[in-house]
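I have placed the structure first, in the form of structure tokens, so that the comments after it can refer back to it.
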Amino acid sequence: EEYEFDKKQKLIVVALPQLAEHKLRDWGTHDKEINFLLETLSNLPANVLISLHPKMEMEHYKPLEESFSVRIAEQRLSQLIASADLFVAGFESTVLWSILVKVPPVFLAYLQLGYDLSRYQSVTNVEQKAQLQDRLQEVLEKGGQQEALRKEASEMGMLDGQCGERIYEQFRKLVYK
């Protein structure tokens, strides 16, 4: 309701790549990449919610809501990601979050940022920009690699706030055998 989305459509959450903010691309190239990504996402029959990295200035990105069929989230990604039907990102750490909460991730490998996520069967790697729309559409329709997603999430552990307690218990068992 907060974003006035169509409740009949699926939700795509995208961690907008912070290419210029991390000095990985100049601002002109960064903006072209962002525009391509958002134009592609806007062509899908889905609601698109953008998550900005804390380094990203809202003033620079707010006009994107007018240019594309997207909304910018006010909440942090950690509060949103589990609500998504599909997650799109260009950085490895947030893709791993997506696996942990069992949301099918699409990884923007074509950005060539030095991450290799091919070891994760649940991740849809988009190696070429020309493949992006088709790969996104495929994951939206089929729900991604659900079996691999469940397996990899269980192998990574639980995201339940009790991790420290489990580590402490394991340590205690080792010390006090």
Side-chain angles (χ1 to χ4, degrees), residues 2-22 24-53 55-75 77 80-99 101-118 120-146 148-149:
E2 180 178 348
Y3 299 105
E4 299 176 7
F5 284 142
D6 181 345
K7 292 179 177 154
K8 296 175 191 152
Q9 292 187 335
K10 293 184 177 182
L11 175 63
I12 299 173
V13 173
V14 56
L16 212 58
Q18 59 275 16
L19 303 171
E21 289 86 355
H22 283 336
L24 299 169
R25 305 283 195 282
D26 63 67
W27 278 100
T29 304
H30 166 85
D31 288 341
K32 285 179 187 171
E33 291 292 350
I34 298 304
N35 288 341
F36 168 77
L37 175 60
L38 296 182
E39 183 175 334
T40 303
L41 289 165
S42 293
N43 289 329
L44 297 170
N47 299 308
V48 179
L49 187 58
I50 296 172
S51 175
L52 297 178
H53 185 277
K55 283 188 175 184
M56 300 171 101
E57 298 287 332
M58 177 64 90
E59 304 83 57
H60 182 80
Y61 297 96
K62 192 69 175 161
L64 296 173
E65 290 184 320
E66 299 299 320
S67 301
F68 303 99
S69 298
V70 300
R71 294 287 170 260
I72 298 175
E74 294 182 21
Q75 303 93 332
L77 180 59
L80 300 170
I81 195 166
S83 317
D85 295 296
L86 170 64
F87 178 68
V88 179
F91 288 86
E92 181 177 29
S93 60
T94 54
V95 170
L96 298 180
W97 290 4
S98 179
I99 294 170
V101 295
K102 300 180 185 113
V103 172
V106 173
F107 178 61
L108 307 174
Y110 68 83
L111 292 173
Q112 299 180 343
L113 299 176
Y115 303 109
D116 178 11
L117 299 182
S118 61
Y120 298 105
Q121 293 178 356
S122 64
V123 176
T124 300
N125 285 289
V126 181
E127 302 288 340
Q128 298 174 7
K129 285 171 82 167
Q131 300 173 327
L132 183 60
Q133 179 132 2
D134 290 341
R135 301 303 299 275
L136 289 167
Q137 186 70 45
E138 180 182 313
V139 176
L140 262 182
E141 289 173 4
K142 297 179 181 175
Q145 303 295 328
Q146 289 296 319
L149 194 57

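One-based numbering along the sequence shown.
- Looking at heavy atoms from C-beta onward, Leu64 lies in side-chain contact with Leu16 at the 4.5 angstrom threshold.
- The salt bridge (Lys or Arg N to Asp or Glu O under 4.0 Å) contacts involving residues 129-142 comprise Glu33-Lys129, where partners must be two or more places apart or lie in separate chains.
- A heavy-atom distance below 4.5 Å is found between the side chains of Arg25 and Leu113.
- Sorted by first and then second residue, the salt bridge (Lys or Arg N to Asp or Glu O under 4.0 Å) pairs involving residues 85-98 (not counting sequence neighbours) are Glu92-Arg119.
- The line from CG of Leu108 to CG of Asn125 is 9.5 Å long, rounded to the nearest 0.5 Å.
- Ser122 pairs by the side-chain hydrogen bond (donor to acceptor under 3.5 Å, both in side chains) definition with Glu152, not counting sequence neighbours.
- Between His30 and Tyr61, the ring planes lie perpendicular to each other; the angle is over 60°, past the 30° to 60° tilted range.
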Go through the steps to decide whether Val106 and Val123 satisfy the test side chain to side chain contact (heavy atoms under 4.5 Å, CB included), and finish with yes or no. CA-CA 6 Å; Val106 173; Val123 176; over 6 Å; no
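- Note that CG of Leu19 and OG1 of Thr29 are 9.0 Å apart. Values are rounded to the nearest 0.5 Å.
- Side-chain contact check for Lys55 versus Gln18: every heavy-atom pair is 4.5 Å or farther apart.
- Considering CG of Leu80 and CD of Gln75, their distance stands at 5.0 Å, rounded to 0.5 Å.
- More than 12 non-hydrogen atoms from other residues, nucleotides or ligands lie less than 6.0 angstrom from NZ of Lys10.
- Considering all non-hydrogen atoms of both residues, Ile72 and Tyr3 come closest at O-CE2, 3.6 Å.
- Closest non-hydrogen pair, Leu111 versus Pro17, comes out as CD1-CG, 3.9 Å.
- Of all non-hydrogen atoms in Val95 and Phe87, the two that sit nearest each other are N-CE2, 4.0 Å.
- Shortest non-hydrogen contact noted between Pro104 and Gly144 is CB-CA, 4.2 Å.
- Taking the charged nitrogens against the carboxylate oxygens, Glu65 and Lys62 do have a contact shorter than 4.0 Å, which makes a salt bridge.
- In plain terms, the two heavy atoms of Leu132 and Leu37 that are nearest each other are CD2-CD1, 3.8 Å.
- Residues satisfying the ring-ring contact (aromatic ring centres under 6.0 Å, His included) criterion with His22, sequence neighbours excluded, are His53, Phe91.
- The shortest distance between side-chain heavy atoms of Gln121 and Gln145 does not fall below 4.5 Å.
- A 4.5 Å side-chain heavy-atom check between Trp27 and Glu21 finds at least one atom pair inside the cut-off.
- Atom-to-atom distance recorded for Phe107:CZ and Glu127:CD is 8.5 Å, nearest 0.5 angstrom.
- By the 4.5 Å heavy-atom criterion applied to side chains, Pro105 and Leu149 are counted as neighbours.
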Show me, pair by pair, the donor-acceptor contacts under 3.5 angstrom made by side chains of residues 40-52, not counting sequence neighbours?
from: Thr40; atom 1: OG1; to: Phe36; atom 2: O; distance (Å): 2.8
from: Ser42; atom 1: OG; to: Leu38; atom 2: O; distance (Å): 2.8
from: Ser42; atom 1: OG; to: Ser69; atom 2: N; distance (Å): 3.1
from: Asn43; atom 1: ND2; to: Glu39; atom 2: O; distance (Å): 3.2
from: Asn47; atom 1: OD1; to: Asp6; atom 2: N; distance (Å): 3.2
from: Asn47; atom 1: ND2; to: Asp6; atom 2: O; distance (Å): 2.8
from: Asn47; atom 1: ND2; to: Gln9; atom 2: O; distance (Å): 3.3

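- The backbone N or O of Gly143 sits less than 3.5 Å from a side-chain atom of Gln146, completing a donor-acceptor pair.
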Could you give me the CA-CA distance, side-chain angles and deciding distance for Val13 and Val88, then say whether side chain to side chain contact (heavy atoms under 4.5 Å, CB included) is met? CA-CA 6 Å; Val13 173; Val88 179; over 6 Å; no
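- Here the shortest heavy-atom pairing between Ala89 and Thr94 reads CB-OG1, 3.5 Å.
- Note that the NZ atom of Lys7 and the CD atom of Glu4 stand 10.5 Å from one another [nearest 0.5 Å].
- With sequence neighbours left out, Asn35 forms a side-chain hydrogen bond (donor to acceptor under 3.5 Å, both in side chains) with no residue at all.
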